[in-house]
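Shown next, in structure tokens, is the structure this report addresses.
Numbers here are sequence positions counted from 1. Quick note: numbers below take in every heavy atom, side chains included, and nothing from hydrogens, waters or symmetry partners.
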Amino acid sequence: MLFASITCNTEEIADLLATGLGEAGVTTEVKQIFAVDAAELSGYDIVALGSYTWMEGELADECLALYHALDTVDLSGKLGLAFGSCDAAYSPYGAAVDLLDDKLRSRGALVAEPLKVPVWPGPDAKERCVQAGRALGGRRAA
């Protein structure tokens with residue numbers, strides 16, 4: 001579980017997803033996205049990438065190195081999930097999540113529905129994150 005977070009919102013989403021994965025019996029490592037080499041991802045069954053959307057639809061700067069390095073990584077057969085905090089004040093909504101989702105798909109991952117969460121998530125949105133983690137973990141067990 002890799003994330004970029006400027007306000008801790010995407011980090012919180014990552015932690016909530018990890019909670020759900022844990023409830024599904026999946027051991028999860030949660031790390032900042034800039035602290036991981038893309039080649040390491042081939043050693044995991046599930047690859048979840050999270051980012052906030054910067055400015056008008058841009059991927060966070062701290063994601064760029066990994067994003068481009070993924071072009072050389074085969075994620076075939078891995079489960080994937082793109083997630084992030086999204087602000088409805090900007091269009092397109094959650095564009096960075098879409099970029100991560102497209103990247104995971106282009107590298108062969110079996111990708112779950114992207115998880116876009118409001119920038120200040122309430123209890124319902126937080127529960128949706130935990131449920132998404134459980135569902136992703138359940139796909140691994142299937």
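- Contact annotation: the side chain of Phe83 never approaches that of Val117 to less than 4.5 Å [non-hydrogen atoms, C-beta and beyond].
- In this structure, the side chains of Asp98 and Pro92 stay at 4.5 Å or more apart for every pair of heavy atoms.
- Counting only heavy atoms from C-beta outward, the side chains of Ile46 and Arg139 never approach each other to under 4.5 Å.
- Within the 4.5 Å cutoff, no side-chain heavy atoms of Leu66 are placed close to those of Phe34.
- The backbone N or O of Val73 lies less than 3.5 Å from a partner atom in the side chain of Arg107, making a donor-acceptor pair.
- With hydrogens and angles ignored, the 3.5 Å screen pairs a side-chain donor or acceptor of Arg128 with a backbone N or O of Lys116.
- Looking only at side-chain heavy atoms (C-beta outward), Lys103 and Asp71 come within less than 4.5 Å of each other.
- The minimum heavy-atom distance linking Tyr44 with Lys78 is given by the pair O-CD, 2.7 Å.
- Heavy-atom neighbours of Tyr93 OH from other residues, nucleotides or ligands within 6.0 Å: above the threshold of 12.
- In this structure, CG in Leu136 is found 10.0 Å from CG in Leu115, a value given to the nearest 0.5 Å.
- In this structure, Leu99 and Tyr67 have side chains that are in contact, with non-hydrogen atoms separated by less than 4.5 Å.
- Put simply, the side chain of Leu70 reaches to within 4.5 Å of the side chain of Leu49, judged on heavy atoms.
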